[in-house]
**Student:** 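Mind looking over this structure? Questions follow.
Quantities reported herein were computed from a predicted structural model and do not represent experimental measurements. Ligands are counted one by one from 1 in listed order, and the atoms in each one are counted from 1 as well. Atom set for the values below is all heavy atoms of this structure, side chains included, hydrogens, waters and symmetry mates excluded.
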Amino acid sequence: MPTPKPWTVDDSAELYSLPGWGLNYFGVNAKGHVTLQPKRVPEGAVDVMDVVEAVTARGIKMPVLVRFHDVLRRRVTVLNEAFSEAIAEHGYGGRFFGVYPIKVNQLREVVEEIADAGRPFQYGLEAGSKGELMAVIAMNTSEALTIVNGYKDESIMRLAALGLKLGRRVLVVIEKLSELDLLLKAAREAGVKPLIGVRVKLQTQGSGKWRSSTGHYAKFGLTTPEILGLVERLRAEGLTDCLKLVHFHIGSQVCDIRTVKDAVKEGARYYAKLRKMGLGVEYLDCGGGLGVDYDGTHTAVDSSMNYSLREYVSDVVYSAREVCRQENIPEPHLVTESGRSMVAHHALLVANVFGAIETGASPVDLRETPDEHQAVRELRETIKALAPKNLAESFHDGQQHLEEAFSLFKLGYLGLEDKAKVEHLYWRLCREIVTLLPKAKFVSEDLLEMQKSLNDQYLCNFSLFQSLPDSWAIGQLFPIMPLHRLDEEPVRRASVVDITCDSDGKITQFACHRKAGGTLPVHALDGKPYYLGFFLMGAYQATMGDIHNLFGRVNEVHVFRDEAEPKGFYIEETIPGQTIRDVLTGIQYSDFELVKMIKEAADAQVKAGALRHREAAELVDRYEAVLGEYTYVDHLPAADENHPRRRAGDSSALVPVSGLAAPVPSSASSEAATRTSVGIPNVLPQDLLRARENS
Ligand SMILES: *Cc1c(COP(=O)(O)O)cnc(C)c1O
């Protein structure tokens with residue numbers, strides 16, 4: 001038999017589609033660890049496990065959000081340079097004045113880093129609400145643009161006028177005709193000339209999840225008659241030179257490049273026609289939408305995109321130029337409001353797996369006994385007779401036995417022990433069927449479904465609702481993969497479940513979907529910490545998360561590369577996550593009152609003679625100490641010390657369990673007897689068959 005090729009770290013990278021979604025910012029090193037490569041080459045890469053080690057050494061608990069500020073800076077540079085190059089290449093007459101919409105990630109450090117990296121390019125900021133404008137107007141420079149989108153009231157218009165007085169280039173984009181009067185009034189009162197933008201409702205249909213952002217029924221933007229209304233109003237006021245910018249936004253995560261070209265052409269026509277009508281328009285603002293390839297497939301599906309950043313930039317420049325040449329007018333300065341593409345890659349959530357839920361696991365010894373119920377005996381028979389040619393038939397028999405046993409139990413004819421045996425044998429049958437699947441000539445759909453249900457659920461120390469809200473809310477896909485052990489073949493298949501008491505807190509869609517049949521390939525837990533990385537978390541997740549189950553904001557560290565450091569990086573800043581006190585206070589509990597109530601309860605016990613004074617005081621102290629703790633699960637080892645199988649230390653007592661869908665590396669067999677994980681004895685197919693012969 002030919003020996004299989006040994007598993008390599010490149011195989012792991014390929015399996016998790018890392019080259020597809022990582023844009024070369026991430027790699028895998030010879031140790032089998034994920035690396036961060038701000039320069040997009042392996043030289044000088046940061047070993048992410050070194051970061052995890054440094055974080056743990058500082059006593060920072062999991063889960064931790066790691067922000068790589070070099071990547072953030074790099075994205076800003078890449079976008080601005082791409083525009084400069086495309087403008088030069090196409091001989092385009094205007095300049096690029098990009099803005100970052102802070103809605104996508106408002107964290108001060110993130111905005112500061114972007115503003116700083118963008119300074120040489122006069123890269124600006126965009127606000128979509130009063131709160132955001134408060135931040136933007138202070139942080140932006142007067143060289144860059146400040147763009148105000150979203151619905152506006154009088155107060156925000158006065159804030160915009162205040163910005164103009166301070167020398168900021170505040171462009172207010174009119175989304176609704178009635179906003180114009182508010183703006184003109186605020187400007188008049190402040191004694192400044194407003195800078196006006198107009199958001200047009202495009203007919204070009206967007207693509208991707210947010211395709212309904214355009215068209216007649218879109219929430220934002222002016223229709224053509226409304227635009228003419230705006231022009232008339234400006235003429236009446238003698239302010240036609242104040243209309244500076246034409247804006248459109250066709251929705252986020254545009255997955256098809258054709259949509260971008262069409263939209264720019266349509267938007268450029270509005271610019272051209274308004275310009276010819278004598279308005280002072282100088283900027284064409286193409287909004288956001290530049291996508292992120294979350295699944296790494298480079299295709300026009302919601303979780304991906306069929307173009308690169310360079311292609312996008314080149315098409316924007318070229319399309320705008322084409323229209324202006326036809327219309328014979330000067331080319332506008334170009335503005336984009338790319339958010340997602342700027343910030344998605346810089347943030348990585350690290351969480352530890354602290355256990356696994358194994359379908360149909362049995363922690364007690366369920367050996368054959370002479371007095372077993374008929375239902376149990378029949379299932380044993382089915383398992384004994386199992387062969388590659390009768391898999392479907394045996395599976396259906398098993399299902400029937402299981403259902404019959406449930407009915408018998410309901411009617412009182414089956415005891416708990418026999419019911420446990422039936423359930424246990426049913427799952428054993430399923431596992432044995434799965435191991436025989438490769439030998440079967442034909443495999444039916446229901447067997448494949450059953451195979452999926454056998455996958456493990458890896459318990460991961462995070463809250464989907466806090467850290468990946470878009471995964472829960474809109475089924476957004478984020479790349480997930482182990483951060484280490486990538487020199488080892490990940491032979492188990494799992495879904496990922498969080499620690500909330502919510503069955504929605506589960507991830508069953510993965511970037512490596514097609515290759516692994518809707519599951520995440522993972523390594524068997526070996527009693528040592530096992531870390532999963534959730535990638536491309538930088539966009540939209542920072543402020544949309546909630547405290548479901550009172551799991552609060554997570555610990556955050558900000559990492560910079562530094563070649564002078566022994567490990568090639570340093571942690572610039574740590575932002576502690578919320579404590580239990582923080583989340584309780586946020587929903588109106590007073591920590592003082594809570595402690596008082598506990599004191600009263602303790603005093604009552606003392607009075608009743610159930611507690612001594614010292615014990616009561618200790619209980620109150622303990623309660624108080626927990627208020628200062630992190631909200632997440634606080635134990636790292638991936639194995640459960642108290643698990644009966646682990647304590648038994650006797651592999652012969654193990655219930656044969658497999659569910660392995662992939663071939664097992666030969667090295668695993670020698671370890672199988674000693675390596676025990678929570679609920680997952682490493683029993684190989686051969687062992688399984690042997691066990692069957694013995695039974
Ligand atoms: C949300 C939004 C953006 C950012 O879009 P991305 O797809 O994240 O680049 C830009 N402009 C406007 C008006 C928005 O509402």
**Student:** Which label fits F97 and H333: parallel for a plane angle under 30°, tilted from 30 to 60°, or perpendicular past 60°?
**Tutor:**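 Rings of F97 and H333: perpendicular, over 60°.
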**Student:** For ligand 1, which atoms sit closer than 4.0 Å to a heavy atom of V104?
**Tutor:**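 Per the distance check, 8 (O).
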**Student:** Among protein heavy atoms, which lies nearest atom 7 (O) of ligand 1, and at what distance?
**Tutor:**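 Result: S252 OG, 2.5 Å.
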**Student:** Which of the numbered atoms in ligand 1 are under 4.0 angstrom from any heavy atom belonging to R340?
**Tutor:**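 Under 4.0 Å from R340, ligand 1 has these atoms: 6 (P), 8 (O), 9 (O).
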**Student:** Which of the atoms in ligand 1, numbered in the order shown and given with their element, are less than 4.0 Å from a heavy-atom of S338?
**Tutor:**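 Under 4.0 Å from S338, ligand 1 has these atoms: 9 (O).
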**Student:** Classify the side-chain pair T500/N549 by whether it contains a donor and acceptor separated by less than 3.5 Å.
**Tutor:**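 No, no side-chain donor-acceptor contact under 3.5 Å.
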**Student:** Please determine if R73 forms a cation-pi arrangement with F560, meaning its NZ or CZ atom is less than 6.0 Å from the six-membered ring centre and no more than 45° off the ring axis.
**Tutor:**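 Cation-pi check for R73 and F560: fails.
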**Student:** Would you mind telling me which of E113, E109, H346 makes a side chain to side chain contact (heavy atoms under 4.5 Å, CB included) with R67?
**Tutor:**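 Between R67 and the candidates, side chain to side chain contact (heavy atoms under 4.5 Å, CB included) is satisfied uniquely by H346.
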**Student:** For ligand 1, which atoms sit closer than 4.0 Å to a heavy atom of G289?
**Tutor:**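 Those atoms are 5 (O), 6 (P), 7 (O), 9 (O).
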**Student:** Which of the numbered atoms in ligand 1 are below 4.0 angstrom from a heavy atom of N149?
**Tutor:**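 In order of numbering, the contacting atoms are 13 (C).
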**Student:** Is the cationic atom of R119 (NZ for Lys, CZ for Arg) positioned less than 6.0 Å from the six-membered ring centroid of Y123 and within 45 degrees of its normal?
**Tutor:**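 Judged by the rule, R119 and Y123 form no cation-pi pair.
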**Student:** Which atom pair, heavy atoms only, marks the closest approach of G288 to Y312?
**Tutor:**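 Looking at all heavy atoms of both residues, the closest pair is O-OH, 4.3 Å.
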**Student:** Taking NZ, NE, NH1 and NH2 as the nitrogens, is one of them in E85 or R310 under 4.0 Å from a carboxylate oxygen of the other?
**Tutor:**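 Salt bridge: yes.
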**Student:** Under 3.5 Å, is there a donor on one side chain and an acceptor on the other for S142 and R168?
**Tutor:**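 There is such a pair (donor and acceptor under 3.5 Å, judged by atom type) between the side chains of S142 and R168.
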**Student:** What protein heavy atom lies closest to atom 13 (C) of ligand 1? Include the residue and the distance to one decimal.
**Tutor:**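 Atom 13 (C) of ligand 1 sits closest to the protein heavy atom E337 OE1, 3.4 Å.
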**Student:** Using a strict 4.0 Å cut-off to heavy atoms of Q253, name the atoms of ligand 1 that fall inside it.
**Tutor:**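 Selected atoms, number and element: 7 (O).
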**Student:** How far is atom 5 (O) of ligand 1 from its nearest protein heavy atom, and which residue and atom name does that atom have?
**Tutor:**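 Here the nearest protein heavy atom works out to Y540 OH, 3.4 Å.
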**Student:** Identify the protein heavy atom lying closest to atom 9 (O) of ligand 1, giving its residue, its atom name and the separation to 0.1 Å.
**Tutor:**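 Closest protein heavy atom to atom 9 (O) of ligand 1: G339 N, 2.7 Å.
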**Student:** Please write down residue, atom name and distance for the protein heavy atom closest to atom 15 (O) of ligand 1.
**Tutor:**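 Checking every protein heavy atom, the shortest distance to atom 15 (O) of ligand 1 gives K103 NZ, 2.7 Å.
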